[in-house]
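Beneath this line is the structure, given in structure tokens, with notes to follow.
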Amino acid sequence: MLQGHYTVTSIGPQATAHLAQTMTLLNMNSEELLQHLESELAANPALELESERRCPNCHRILRPAEICPVCSQRKQEADGEPVVFLSPMRDLYHDRSGSRIQQDGDEDFEDDFRVQEENLATYLLKQVSGDLNGVEHQIAEHLANNLDENGFLTISLFEISRYFHVPVTAVERVKSLLQRCEPLGVASVNSTEAMRIQLEMLADVMEIPPLVNLVLADGMEFLFQRRIADLCERFDMDDEDLQEVIRFIGNNLNPFPAHSHYGSSRQPVSANVNVYHHPDVIFHFLNDDPDAGLAVEVMMPYVYRPFLNRQFKEAMNNAPEEQKEEWQKDHDRASLLVKCLQQRAFTMLRLMQFLAKNQDDFILHGDKYLKPITRASVAELLEVHESTISRAVANKTAQLPNGRIIPLSSFFSRNLNVRTVLKELVDHEEKPLSDSMLVKELEKFGYSVARRTVAKYRSMEGILPAHLRKASRKYHGNSNAQFQPSQN
DNA sequence: CTATGGCACGGATT
DNA sequence: AATCCGTGCCATAG
């Protein structure tokens, strides 16, 4: 009954089209939006790019790559609240990304950023293209396009070999080439395989403890299943040796080659999750001055704003009859798109403002300070529909002042703070605390969680069970994507 | 007997 | 409607 009511009173085709398009646009991250825009621009003569570059906020004309000084300043003086502005993402790449990247000590970060400039698949293909012949190119493409968020294959070699009518060995050759690309170990079927590749390459630059080789070659099932006794027995080693092996693996190998910087979830993520590229929003300090307060840039995928082509509009009046209808269609389509883009920008703007204001501790000081907020509550505050927030958050990433890139969805993670406190507890523990002891410790910090839950968090964070943890002896290698240098 | 991980259920979120 | 998350129960290892 409600449904009937809904459809009957719906406000007409334009309005519903508007809604539908706003939603799809909101769902896209800046890269997808860029693509969408480009194809739309190519296909629709009614749409044009402005010739002047303007401040997206106040429409003042700007020099290339300039960020409207007036707007940001005024906003900050007005209420001392976080400044939020729209920012054309291409500019950013030319002018600002460099300095920001280097200020972070994380060596891997630069690599990751390179990956993020284009999508993972094309990045990989570029690397291998020199070594491939005709069919192999296609095979490589197929493989590269069927990776999940962790960089694992989601498609069987057999399937591909059948599809291209080539022997499986041919596919294997391509695969092994891909595996040796950056990020190392990508295109493996699982962590073990990926880590074997990484180890192989690592052997060139540093000495590998012999036991590590053995365990990785033959003992990973045991390690994953935590069958420590079997492991020790098989390789004839004691607890101490095992700790070394585990440390080495933890510090030098990355079980998830393409994993984003966020957390280090051990749980394999289902297929078809998009790989994150460059951030859609950037949190940083005004003028890079930590005292100046937060500023947020929401990436818009264009330098010159798309708008309705005036000449097209005029021409439409004297259009030949038979084309009039078609032109009208183009016109409507274009104006719709422009409106929806504004809508999208507006929504993102408001959401980011909210986040910058409410989660500033999290943004500035790290995971521990995340306030557990739900999308629903934000929706209520901003007076938009829940699904709007969901869409605005989906598939998008944010860059924090310290350079980390995280999915926007982690702003809504309910347990991130508990997990980081847990991590700290374990880091600072005198002797290994069992899960139930951890529960008690956590309670002192005001977190009430069940014993079972602690166990879950532990494994999510990649922390070994208590009886396998000992005083830490660390190896230091150069490739280490797992540990971020908390904050300083 | 204690510590832990697997499975699966129900409630909350999206 | 689909998915995520915290938990309880039970089996197993030590």
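Below, chain A is the first sequence line, B the second, and so on; all start at residue 1.
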| query | From the list dT14(B), dT4(B), dG6(C), which nucleotide is the closest neighbour of the side chain of Thr453(A)? | reply | dG6(C)
| Contact class for Arg414(A) vs. all strands (heavy atom < 4.0 Å): base, sugar-phosphate, or nothing? | sugar-phosphate
| request: Give a yes or no on whether a donor-acceptor pair under 3.5 Å exists between the nucleobase atoms of dG6(C), that is its base, and the side chain of Arg451(A). | output: no
| request: Using modelled atom types only, decide if a donor and an acceptor are shared between the side chain of Lys396(A) and the backbone of Val281(A) within a distance under 3.5 Å. | output: no
| task | Take the protein atom NE2 of His467(A) and the nucleotide atom P of dA13(C), then report the distance between them rounded to whole Å. | result | 12 Å
| message | Expressed as a whole number of angstroms, how long is the span from Leu442(A):CG to dG6(C):P? | response | 12 Å
| Atom-pair distance (NZ on Lys456(A); P on dG5(B)), nearest Å | 10 Å
| said: Counting the atoms with a prime plus P, OP1 and OP2 as sugar-phosphate, which does Thr374(A) contact under 4.0 Å by heavy atoms, base, sugar-phosphate, or nothing? | reply: sugar-phosphate
| remark: Taken to the nearest whole Å, CG/Leu416(A) to C1'/dC4(C) is 15 Å
| query | Taking atom C1' of dT2(B) as reference, at what distance in whole Å does atom CG of Leu433(A) sit? | reply | 15 Å
| Could you state the CG-C1' distance from Asn395(A) to dT14(B), rounded to the nearest angstrom? | 14 Å
| message | Can you tell whether the side chains of Lys175(A) and Glu172(A) come within less than 4.0 Å, N to carboxylate O? | response | no
| What is the ring orientation for Phe411(A) with Phe362(A), classed by angle as parallel under 30°, tilted 30 to 60°, or perpendicular over 60°? | perpendicular
| request: Send over the distance from Lys440(A) NZ to dA3(B) P, rounded to a whole Å. | output: 9 Å
| task | Using a cut-off of strictly less than 4.0 Å, decide whether Arg375(A) has a side-chain nitrogen or oxygen near OP1 or OP2 of dT14(B). | result | yes
| field | Phosphate contact (dC5(C) OP1 or OP2) by Tyr457(A) side-chain N/O below 4.0 Å | value | no
| field | Nucleotide dC5(C), atom C1' - distance to CZ of Phe412(A) in whole Å | value | 17 Å
| remark: Ranking Arg452(A) and Ser436(A) by the position along DNA chain B of their nearest nucleotide, the one closer to 5' is Ser436(A)
| query | Does OP1 or OP2 of dG6(C) have a side-chain N or O of Asn415(A) closer than 4.0 Å? | reply | yes
| Could you state the interatomic distance from CG (Leu341(A)) to CZ (Phe307(A)), rounded to the nearest 0.5 Å? | 13.5 Å
| Donor-acceptor pair, side chain of Asp435(A) and main chain of Arg451(A), under 3.5 angstrom | no
